[in-house]
Amino acid sequence: MPRTLIVDANPLLSALLGGAALPILCDPGFRFLTAEKTTWEVKRYIPTIVEKLKAAGKTAWTEARLERRFHQLPVAAFGDDFYGSFLPEARRLIGQRDPEDVDLLALTLHTKLPLWTEDRDFDSIPEIVVVRTSELIEVQR
């Protein structure tokens, strides 16, 4: 049975660039969920990523290609109709530090699943379990 994790934007962005997150996301031993707003955050960064790739001489990358790659990642996205009752608690816990993380935290609180992130803003929230990419790499070995 696959282990299910909530995934933040930073591992998704890493996967788009072919980073260490990609083999984890493609591992059938895991299932990944995220907040719909997290997918919007990733999509907002795609033009910037393409600019950086082109500046590095990787001219084959286009916004359309990265968007296709993003949509191929095995991640299920949930809207706030699923976790909305946890939004007030999430705002209280992280809203002052990073309002963009409120929905992801609400999803994490609702599901009680571990959150895969490199964002240190989540470290001081005792109500959740945070896992890092390096930990997941170790689990894969």
Those residues that, when tested against [X], pass salt bridge (charged side-chain N to carboxylate O under 4.0 Å, His left out) (two or more places apart):
| X | value |
| --- | --- |
| R68 | none |
| E100 | R44 |
| E51 | none |
| R69 | none |

Report, one line per pair, each donor and acceptor closer than 3.5 Å where one atom sits in a side chain of residues 76-83; sequence neighbours left out.
residue : atom : partner : partner atom : Å
Y83     : OH   : D103    : OD2          : 2.6

Residues forming a side-chain contact (heavy atoms from CB on, under 4.5 Å) with [X], sequence neighbours excluded:
| X | result |
| --- | --- |
| D123 | R120, V130, R132 |
| K58 | L53, W61 |
| A55 | none |
| R91 | L87, P88, V102 |

[atom2] on [Y] to [atom1] on [X], rounded to 0.5 Å:
| X | Y | atom1 | atom2 | answer |
| --- | --- | --- | --- | --- |
| L105 | I6 | CG | CD1 | 10.5 Å |
| T39 | L12 | OG1 | CG | 9.0 Å |
| T34 | E41 | OG1 | CD | 9.0 Å |

**Q.** Joint hydrophobic cluster, V139 plus I137, side-chain heavy atoms closer than 4.5 Å
**A.** yes
Q: Would you list the pairs meeting ring-ring contact (aromatic ring centres under 6.0 Å, His included) in which at least one residue belongs to residues 112-141, sequence neighbours left out?
A: F32-W116
Q.
Once ring-ring contact (aromatic ring centres under 6.0 Å, His included) is applied, what residue pairs with a partner in residues 86-106 remain, sequence neighbours excluded?
A. F86-H110
Q: Could you note down all residue pairs passing side chain to side chain donor-acceptor pair (under 3.5 Å) where residues 8-17 supplies at least one of them, sequence neighbours left out?
A: D8-T117
Q | Option among D101, L93, T108 that satisfies the side chain to side chain contact (heavy atoms under 4.5 Å, CB included) test with I125 | A | L93
